[in-house]
Amino acid sequence: MRSWERIWIGTTIVLMVMATLAVFVYAPREAKMGDVQRIFYFHISTAWTGFLAFAVALIGSIAYLRTRAARWDQLSHAAVEVGLVLLTMAIITGSLWARPVWNTWWTWDPRLTTTTITWVVYLAYLLLRNAVENPEIRARFAAVYAIVAFVTVPITYLSARLLRTIHPIVLGPSVSAEAQGQFGLTPRMVHTMVLSLIAWTLLFSVLLWMRYRVQRAHEALEGMEASIEASFR
Amino acid sequence: MSLRPALQLERISKAFGPQWVLREVSLTVRPGEIVALMGPNGAGKSTLLRVVATLLRPTSGWVRIGDFSWPPDGARIRAQVTLLGHQPWLYPDLNAAENLRFYQRLYGWPEELGAVDAALRRMGLAERARDPVRRFSRGMLQRLALARAFLSPAPVLLLDEPFAGLDVLGLEEAREAIRELVAQGRAVVVALHDPAAADFAHRVVVLVGGRLVAEGSPTDFLEKTLQELYQARMDRRPISAAERPLRPSEGNFLSTRGMLSDGIRGISMAPAEVEGIRSAFPMRLQRHGLRAFQALLWKDLRIEGRARETLTPLLTLAGLSLFLFGAAFELRPDLARSFVPVFFWMLLLFASSLGVGRMMASEIDRGTWEGLLMVPGDRSVLFAGKAIVHSLLLGLVTLLSLAAAGIFFNLSLWDPAILLLLALGVIGLSGVTTLLAAIAMATRARELLLPILLFPVAAPLVIAGIQGTRAILEADPAGESIWLQILLAYDLLLCAVAWIVFEEVASS
């Protein structure tokens, strides 16, 4: 591992520990919801990094179609995989929060529905990759699908703002009178949230980089295996 | 006096993943020249022709015709070449003349009076011009495919095993037609495996293991010579001088043969005459798009009108679903207002997946998809044509189902706002399904993969449609307006993205 990688990963670990401590120690207990509100810091951070991952996948896909360089396809693939894990965490943490606050694990609210749609769309991306053998065509189809898939991301973002939803909007003005679990942010809550967002974004970048490197190594190995096979033919 | 080459291949390499199929192939073909491309099975002959025809993108190297290079300018190169591939690219439900007329329009070839009949006559098919192609034998299909190739005014003809399946008479007619074309100054590259069939070529080049290994006149390559040449390359031993009429130097193959002089046997074109042929077919690509679009529409609707391959099963599916849904739920009118929109939009989603998937699968299974991909200019015209045809079919299914639903559920759905929502839904679904079907049909799990790809992407559209229809039925103007806006925005976004990226899918 190179020295800058060690610094990068070390910083991420330190910030993640600090952010977790801030969530449980520094941030105040929310008056109405109590300790369960603390899950909000994880929920918003994983949701943000999840959607960030899909944006990276979009950029990687456009870059692949323009350059045909395999590294962009590998980056997109890695970003979708990491993004799916993060979005899964966002959905699970949201559900854990909803149980005591909304009195249900799940409800067909527009925000929840559209987030799940995004999750399924990117799961389909992985299934598509699995269904194409030719690496060049696989990369091209995956890039096209990742671009189409990203159309669902702004819909998810806007759904809580345009439609009647019970999902709270903590950042920015809420337009839905039906939002349940809405709360104001105190300065300490803001500090904790900013720290969490930075720490999780760094964690995302580390995970993305590692998955990307594994992906590159895997494809290089496949290429070597095919060359060896071809030389025996 | 030297002539401008009709076709130049510069160090073309092609890899499928880690496997190299072509390596550094360089070749120049002069106007009025027939070059026979020979090689053992799997040598890369078809791949090379497909690269030249822009159906495959070279991993490295360029194809040059006139002032254009591929990559990147595949759209313009396609206007300069005609490919006769392994598949005849013919539609069984059209007759012979209709098939030729369709390609004439799709490719923007001049529609001169009697040209189609003359091409059919030349290949001995004049008597069968009005017969559906499904009644044709293998040899007749090949004759018709050749007739299409000969109808083309393109300066470069690429023929992949053009004599396969032809009888002796057909073989001679085809060779004679090719001679006539080169006499007009066209350049012909013909992939062959039989050395005896190559005697009409001016030059023979031999491709083994993806590399051009030898060049000479047809008399240089007797069957025995070729066998030894193939074997030597397969065994990776050096080719002896006796086995090898000419070995190309590393890099530019033609550099060993000198430049484009008029010293090739049988070519007697004056340069001015050749330039005349090249400029006789200036593709008006900008204006061509509309004509190609009309041709696609005409072809698909005519085939569907005759075979009803998609419409009848979709209408049956819709009828059966309506019956089962109605019988199972026995909905009261107030509940019907809530449930019928769900049923209706789900039906639309399934019909879209099944119907569009079937139509795209038919093109691929018949081998005609490649023929469509050879359309000169921007291939997004294929997207537009297909999406419109799919919209018309889905629209028809929707309207008939709407009438049936009104009767079964005692619910009037003929509201202009509902019709607008459905029209938007049909257009959006057709657009995105056309793109995703083109992807899914090229994969190994195509029937299963299409709904997996489509349903999540189309889900916001369907949900907006359901909620919007409900809002209309329940007289909620605010809800109606917001869902209509969401549907419209998503429609536009999806169709625009699908339009932009379709070329990438098509070129795969």
Side-chain angles (χ1 to χ4, degrees), chain A residues 61-62 64-66 68 70 108 110 113-114 116-152 154-156 158-159 162-164 219-231 233, chain B residues 14-20 42 56-57 59 71 209 234 236 431-432 435-436 438-440 442-446 448-464 467 478-479 482-483 485-486 489-498 500-508:
Chain A
S61 300
I62 294 170
Y64 174 77
L65 292 179
R66 290 186 73 90
R68 311 275 164 189
W108 292 106
T113 308
T114 48
T116 311
I117 287 171
T118 304
W119 188 86
V120 180
V121 165
Y122 283 97
L123 189 69
Y125 169 94
L126 295 182
L127 292 173
L128 170 63
R129 292 196 73 98
N130 209 28
V132 188
E133 271 179 63
N134 182 311
E136 196 187 318
I137 295 176
R138 180 171 58 214
R140 202 178 309 177
F141 281 0
V144 166
Y145 195 69
I147 293 170
V148 175
F150 196 77
V151 174
T152 61
I155 293 284
T156 306
L158 291 172
S159 63
L162 288 177
L163 300 170
R164 282 180 298 187
E219 288 190 19
L221 185 67
E222 271 186 346
M224 282 158 69
E225 281 174 355
S227 305
I228 292 166
E229 267 178 40
S231 68
R233 261 187 235 130
Chain B
K14 178 69 192 171
F16 291 110
Q19 193 179 352
W20 289 90
L56 289 173
R57 191 186 187 91
T59 307
M234 299 290 196
R236 299 187 176 187
V432 73
L435 173 78
L436 297 180
I439 292 178
T443 67
R444 56 186 169 197
R446 57 190 198 177
L448 280 175
L449 196 64
L450 178 58
I452 288 172
L453 298 179
L454 173 68
F455 286 12
V457 171
L461 196 146
V462 172
I463 292 169
Q467 299 290 5
I482 196 150
W483 287 113
Q485 284 174 41
I486 290 175
Y490 199 63
D491 242 23
L492 288 173
L493 209 55
L494 268 186
C495 287
V497 170
I500 293 165
V501 297
F502 188 79
E503 169 75 37
E504 293 294 339
V505 176
S507 57
S508 299

Nearest 0.5 Å, what's the CG-OG1 distance between Leu494(B) and Thr152(A)?
9.0 Å
Which residue, Val457(B), Ile439(B), Leu493(B), forms the side chain to side chain contact (heavy atoms under 4.5 Å, CB included) with Val148(A)?
Val457(B)
Are Glu504(B) and Arg68(A) close enough for a salt bridge, meaning some N to O gap below 4.0 Å?
yes
Using heavy-atom distances under 4.5 Å, tell me whether Ile500(B) contacts chain A through its side chain, its backbone, both, or neither.
neither
Give, as side chain, backbone, both or neither, the part of Ala489(B) having an atom under 4.5 angstrom from any heavy atom of chain A.
neither
Ile117(A) side chain near Pro460(B) side chain, heavy-atom distance below 4.5 Å:
yes
Between Leu127(A), Asn130(A), Leu128(A), the one whose heavy-atom pairs under 4.5 Å with chain B are most numerous:
Leu128(A)
Derivation of the side chain to side chain contact (heavy atoms under 4.5 Å, CB included) call for Val144(A) and Phe502(B)
CA-CA 8 Å; Val144(A) 166; Phe502(B) 188 79; over 6 Å; no
Non-hydrogen atoms of Phe141(A) and Ala438(B) that approach each other most closely
CZ-O, 4.4 Å
Checking Leu448(B) against chain A: side chain, backbone, both or neither under 4.5 Å from a heavy atom?
neither
Tell me the closest heavy-atom pair linking Tyr145(A) and Leu453(B), and the distance in Å.
OH-O, 2.7 Å
When the 4.5 angstrom heavy-atom criterion is applied to Thr113(A) and chain B, the contacting part is side chain
Which pair of heavy atoms, one from Ala131(A) and one from Thr443(B), lies closest together, and at what distance?
O-CB, 3.6 Å
Should we count CZ of Arg66(A) as having more than 12 external heavy atoms under 6.0 Å?
no
Give me the atom names and distance for the closest heavy-atom approach of Ala124(A) to Ile452(B).
CB-O, 3.5 Å
